[in-house]
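Following: one structure in structure tokens, then a few remarks.
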Amino acid sequence: MFELSKSQKGIQKAALEFVKGELDKDLSFKMEKEGKFPEEILRKAAELGFLWVHFDETYLGGGMGQVENCLITETFCRKDATMGKALSLAGYASECLLRFGNDGLKELYLPRLLEGEIFSAGCFSEPGIGLNFLSHKTVSIRKEGRWVINGVKNNVMNAMDAGFYIVLCRDGDQETSEDPFNMILVDAQSHGVSPRDSGRKIGNNMISTAQVAFNNVSVPETCLLGKPGKGLEQLRLFFIESHIASAAQAVGIAQGAFDRALDHVKQREQFGKKLARFQVTRNKLADMATRIEMSRLMTYTVAARFDKGDKKLAHIAAMAKMNACETATAVCDEAIQLLGGYGYMGESEVERFYRDAKATALFELPESYQKEIIASEIIGKIRAN
Amino acid sequence: MFELSKSQKGIQKAALEFVKGELDKDLSFKMEKEGKFPEEILRKAAELGFLWVHFDETYLGGGMGQVENCLITETFCRKDATMGKALSLAGYASECLLRFGNDGLKELYLPRLLEGEIFSAGCFSEPGIGLNFLSHKTVSIRKEGRWVINGVKNNVMNAMDAGFYIVLCRDGDQETSEDPFNMILVDAQSHGVSPRDSGRKIGNNMISTAQVAFNNVSVPETCLLGKPGKGLEQLRLFFIESHIASAAQAVGIAQGAFDRALDHVKQREQFGKKLARFQVTRNKLADMATRIEMSRLMTYTVAARFDKGDKKLAHIAAMAKMNACETATAVCDEAIQLLGGYGYMGESEVERFYRDAKATALFELPESYQKEIIASEIIGKIRAN
Amino acid sequence: MEIINYTDVHHEYRHRFRSFLETEILPHKKEWDNAQLIPKKIWKKLGKNGFLCPTVETAYGGAGNDFLYSVMIIEEIARVNYLGLFAYLHSEVVVPYISAYATEAQKHSYLPGCVAGDIITAVAMTEPDAGSDLASMVTTAVEQDDHIIINGSKTFISNGVNCDLIVVAARDPQEKNPHKAISLFLVEADTPGLKKGVQFEKMGMHSQDTTELFFNNCKIPLSSRLGPKGAGFKLLMNKLQQERLVCAVSAVACSEFCLEWTVNYFRQALADKSPLAMSQASQFALAEMVTELKMKKAFVNGLVVSHMAGENVILETSMAKFSTTDSAKRIASRCMNLLEEMGGVEDVCPLVDAFNDVRVLSIYAGTNEIMKQIIAKELLSSPKPF
Amino acid sequence: MEIINYTDVHHEYRHRFRSFLETEILPHKKEWDNAQLIPKKIWKKLGKNGFLCPTVETAYGGAGNDFLYSVMIIEEIARVNYLGLFAYLHSEVVVPYISAYATEAQKHSYLPGCVAGDIITAVAMTEPDAGSDLASMVTTAVEQDDHIIINGSKTFISNGVNCDLIVVAARDPQEKNPHKAISLFLVEADTPGLKKGVQFEKMGMHSQDTTELFFNNCKIPLSSRLGPKGAGFKLLMNKLQQERLVCAVSAVACSEFCLEWTVNYFRQALADKSPLAMSQASQFALAEMVTELKMKKAFVNGLVVSHMAGENVILETSMAKFSTTDSAKRIASRCMNLLEEMGGVEDVCPLVDAFNDVRVLSIYAGTNEIMKQIIAKELLSSPKPF
């Protein structure tokens, strides 16, 4: 049974107070429209210790776990979907550096990241190919003690503002191995890196998303994370954490939309009685609450198992993410419907929550990927046909 | 995070061995068709301590909790939906006696129940009225130190074979209170009790379901469970346990159908490859597994909270039951589809699982009831309109 | 706007069939469900009254009616909640192979009996190891002297116990191309070497008999071949439009039965001020289901008209097949939910039978997954706007 | 089977409008979306080319065309993914009040301008505290000497910034029966005492201007009343069939756009052997969505024919409205899922706009819950078979 510890409850409470005090609806509306990142709030949140709680204290992290990270992420997204997501994603893929990088590299990048000076980005998808890794084309070639990278990556979050990229590259020397990929850190200042902003999206509009071209980009050998031929394996491990974080965002978004809908139906009268007294409204709320409760339970369960060191979590994390995104999209859609015309207007916030829910489903590893992870785990080996 | 203890894992393993050894598919098929209760197996299971694990040891129970009960129920239903349900429901509503009855009454009935001599039944629904308690008509009148009961109850499981009934009755003296109901134990031998078998049902066919008429049935005053005017409150508490048990049945049924579908698609070839290699099959299995995992997590979480003494569980238990039944129905339906023509045939078992899933949704407190429990908890008080 | 224009003569036929069902059929449903068989004499009665194969030409003993007669029979059977009276398999699926592909001699020797109910037909395509995948069928038909020898086994044969004549698909083991290897044959049920297996127990459709068939050096005359040699695959494909269309017609009519019964129950309950019927959520559910039904019915009726006009609507028919059969399952199940505990009790609620019967619809006549495969392939391979 | 029979003249009109959209409208979409307004001169251009109010009689400056012209305009606008060009509100929802209920004098003074695009119309029903519940409206209209004084506020007024003429619903405070209290009025936008509020920011439909309207002792001549006194409720109800039908037509056409775009993308991707398009699951999803679309379109087309024949299909139209608008949401959203990360990027995927636009369809023209309420009430209160 999942239950929060006292200190976890304390963190949740502090996060709640922070968002109540710092996150402003009108400002957020404006920033979302203009596609601006909430830098000031990021720095405040970082300073107060709300970000990077699951990073080692050595690198200015919180020294806690994914459960604590989920609590904060959920609370932030519940108050403000777009802002919560922007803050949660500012260090996207930096867990790869944390878990697999060498000390030198970590010392070089993590403290700057964790102080809010730079962002990080993950380059894992390719245009028109998505996460079908076997078809990936980006390559890294070892030449005179350096890695030379060529290729184009897609759907790179934070790409326009990142201090470094984590890039999945084929390695010619590993072609015959089961995992012919390397995971390499590329400094954004490197010659030959050109991100091209994808512009406005359905949601996630406080962070940039871009295609990033690598044209003879040369980085020191030490920028390889882990060993050669471990790229996919490391990526799959990272995706566990990434799925957990996305799930927590989605749970927060769903809960936030639910909160607003509940407030509305308790106040709004139609045909002589409060909307909340109509059976159909009540059933909708019951369904929404059930879905949220289940998604939350799944999310925290997998986070807690992660923190305990459980390794066989890829499919459970995928379940949590997939389900939480479905929940968030459905709950936000229903919240808009419960608010009626008001729900369609920007000032209601729920339309923005809905768009950010959709963005969570689309941009942070699509559903098809989760399904295949789950399927391969549960089906296991099939006798040759 | 929900995790089984070592002793709980032991119970699960023992239950698995028991069903593997004792539950026979062909026998079960025959008994389901003929509407016979598996008495022999009940006695064996009771003897080995697989039933009544959550009852006090004083009354020959196992002295354990709902988690253990869920583990056994799930394992039984996973192996055989109909038989698992019959065993799980043989003591239906006896928790009312256990939790609210006086010692004399408990000593009189519980040991006989727990040895498999008699069954118990709950009379909570009325024909055409269901669980809309405010419209209920069955009354109990205190007369010369006894209760005289008149009315008709519907959907009474085990009614044809029960040793005693737990009956929800209006009490004329309580009419003005918020809870004008009494919960009274009626011995099945009492004069004026006439159960009328409802015949074959969509599922649950190893136990009887009946309408029970109470015609001037007179029972001793001591047969009142708890105090007068506490009937609804007690019933709501009992429904927490009943929801948990139904949820565990549904999880077992879903898992059982999933198991059979998985076996099939790993063996069956179509168009030159195993069904399990088709993406659509894989996605279906991923969806089914996700739903089962979430339903199971919710079920055990609420069971564990119940065992820890948490009282605010009515809506969470309702969520668990509602969701698990939806899951079971959908998973069994898909399992049939995956088995194709074989799935429609009796020998595949999945068609029976499907019907028992549907029965779990219909007979053991309908969904509308769960939704209203959830809604009233989450909506809370509404300002007068 | 009426999509199908029934004439008074049509209506009269429909009413006549409805009365027939009420007086001659329904009183025995339970008995036949228990026996898992509809007596052969009932088939003869259906035939005698003109309710089998209504479209067979008069030259072969039929009434030469239009396809709407077939539609009405299918609808009425579903509307009395008796899908287990699986006459449409005979009338609209199997017999059309004979009407369309048989020689004059074959037609004259079989069709009058089919119309009269003296000959009950079945079709044997599916094999234990080849469900939807016809190309992988292994039953062989080998020409030897002036005979054909069939070996192999077929499964899920509807009308399997009752059938007198079977359209059998089998392959020429010499021909490697599966699309050219298959031929069809007309095999009489009493041919030596043909054995009927044990009857399957099923979830529903209890009156309808389903078995396996075993062919062990089953020897039939050369003249038993139905249609050209090696054309079996194509002949089977040609008849799929009608097979799937009648499946959709049946699914819609069955959904209509479920909803009509439930709506009538709620109307009465509302008149009685029963709390069950006051439920806004249940009322909305009924509104949603009636809407779903009406849309699907409009689409299927349009297909009936197109089919009668000889249009190629195999793609649309595949759509109708999967979509209406999914609906039928959903509607039967959801109506039961609205009725709560009484929804699950056989004696008071006919939806239990409907729920058990309709579950097969998304499996037979090509599984719904096969339908989607066909639609997707056509959709993505053709440059046509849709 | 074609349900609607378009003539060559119809087709010619459709093509002409399509070209007009491509050359005169679409190049400016982004600009107008950003400005949250379509310039008045574009309305005039639409009018000049015969694309506003096509059914208005020639006596009042219209073309006197049949309703299919309206359908084609709505469809084409949706098929270019520009629901924000919300001309159908003017042409098919508001102006019909004038055509149907206005006096000759009112018609002559307003209709020619409406057709020409010189007068843009809006309708003011909804109030901040009365969404779907018209009976609880509080805006008052009081006769005083030879004038009527309107007080109150209205919200969610589409075309609110641009409008020149507004059909306003207001109640007589003396009359307690809400069904007799409401009258309609024609209020010119520059009437003193009428103030337009600030424009709403919306999820989608960005080019379309939505505001509040405030009436503060707004004084209009007695002759501004539209239709009989106290008949407002009935007049509004009378026009709901067409309002909901055009909403359904629009929803279907928008779904068609989404699917067509996605199918075309997949066709190309399949030709390019892209892994995305190889996905069997995505292919099945497309098959399911195209099926859903085709069924709904068949139903809606049938309603168009019935509507044109003057049949009462308000019940069926309510069904179409909720069902097609739910579909449109689902289809837009699901198509985006199939495209994965690119599905969410505005510049490369027009489904983002569609997703944002269609979300309003299940809310306006009567929420989908109101539709279900209407259907359920009719279904359960009438003894008719359905």
Side-chain angles (χ1 to χ4, degrees), chain B residues 29 33 125-135 154-155 157 197-205 209 211 268-272 275 278 280-281 284 329 333 336-348 350-352 354-355 358-359 361-369 371-372, chain C residues 126 128-136 155-156 200-205 210 268-269 272-279 281-282 285 326 329-330 332-333 336-349 351-353 355-357 359-364 367-370 372-373 376:
Chain B
F29 181 83
K33 212 174 160 188
S125 182
E126 294 199 359
I129 297 171
L131 300 174
N132 295 282
F133 302 116
L134 293 183
S135 309
N154 197 29
N155 187 33
M157 292 186 287
D197 197 336
S198 306
R200 194 171 164 82
K201 305 169 296 286
I202 184 72
N204 259 10
N205 277 314
T209 297
Q211 277 201 7
R268 175 95 172 159
E269 254 178 52
Q270 290 274 278
F271 305 102
L275 284 182
F278 287 90
V280 163
T281 309
K284 283 183 178 190
T329 314
D333 179 38
I336 295 176
Q337 193 69 17
L338 285 168
L339 268 83
Y342 294 103
Y344 196 65
M345 304 298 141
E347 63 179 306
S348 74
V350 288
E351 66 88 14
R352 184 153 55 88
Y354 183 40
R355 291 187 288 106
K358 191 77 195 162
L362 290 173
F363 292 113
E364 291 153 52
L365 308 179
E367 194 181 88
S368 61
Y369 187 72
K371 290 205 181 181
E372 187 45 38
Chain C
T126 307
D129 289 317
S132 298
D133 181 10
L134 287 185
S136 71
T155 194
F156 300 141
F200 285 105
E201 299 268 2
K202 304 187 302 303
M203 178 178 174
M205 305 274 285
T210 303
Q268 186 55 49
D272 297 345
K273 298 203 188 333
S274 146
L276 193 73
M278 308 287 198
S279 158
S282 297
D326 276 351
K329 281 198 304 183
R330 191 162 47 234
S333 177
M336 282 166 83
N337 290 353
L338 300 188
L339 298 159
E340 305 198 336
E341 58 206 35
M342 79 160 280
V345 178
E346 273 190 20
D347 282 350
V348 292
C349 182
L351 300 177
V352 176
D353 277 354
F355 180 87
N356 287 333
D357 289 347
R359 186 60 195 82
V360 79
L361 297 177
S362 63
I363 298 171
Y364 71 32
T367 66
N368 284 8
E369 287 70 27
I370 295 286
K372 291 177 196 177
Q373 192 76 64

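Note on naming: letters A, B, ... go to the chains in the order of the sequence lines (proteins, then strands), and numbering restarts at 1 for each one.
Contact annotation for Ser362(C): both backbone and side-chain heavy atoms come within less than 4.5 Å of a heavy atom of chain B. When heavy atoms are compared at a cutoff of 4.5 Å, Ser282(C) does not approach chain B at all. With a 4.5 Å cut-off on non-hydrogen atoms, Asp333(B) touches chain C through its backbone and its side chain both. Lys371(B) does not touch chain C: none of its heavy atoms, backbone or side chain, sits under 4.5 Å away. Both the backbone and the side chain of Ser198(B) come within less than 4.5 Å of a heavy atom of chain C. Neither the backbone nor the side chain of Arg352(B) comes within contact range of chain C; no heavy atoms are under 4.5 Å apart. Both the backbone and the side chain of Asn155(B) have a heavy atom closer than 4.5 Å to some heavy atom of chain C.
Note on Lys202(C), Met203(C), Glu340(C): by heavy-atom pairs under 4.5 Å with chain B, the leading option is Met203(C). The candidate with the highest count of non-hydrogen atom pairs below 4.5 Å against chain C, out of Asn154(B), Thr209(B), Val280(B), Leu131(B), is Asn154(B). Chosen from Ala277(C), Ser136(C), Ser333(C), the residue pairing most often with chain B at heavy-atom distances under 4.5 Å is Ser333(C). Heavy-atom pairs under 4.5 Å with chain C peak, among Glu347(B), Glu364(B), Arg355(B), at Arg355(B).
Counting only heavy atoms from C-beta outward, the side chains of Leu339(C) and Leu362(B) never approach each other to under 4.5 Å. Inter-residue side-chain proximity for Leu351(C) and Ile202(B) is flagged as unmet; no heavy-atom pair is nearer than 4.5 Å. Inter-residue side-chain proximity for Pro275(C) and Phe133(B) is flagged as unmet; no heavy-atom pair is nearer than 4.5 Å.
Distance alone, capped at 3.5 Å, places no donor-acceptor pair between the Lys358(B) side chain and the Gly344(C) backbone. Remark: the backbone N or O of Leu361(C) is not paired with any side-chain donor or acceptor of Tyr344(B) at under 3.5 angstrom.
Every residue was checked against the ring-ring contact (aromatic ring centres under 6.0 Å, His included) condition with Phe29(B), not counting sequence neighbours, and none meets it. In this structure Thr155(C) satisfies the side chain to side chain donor-acceptor pair (under 3.5 Å) test with no other residue, sequence neighbours excluded.
Of all heavy-atom pairs between Asn132(B) and Leu276(C), the closest is ND2-N, 4.5 Å.
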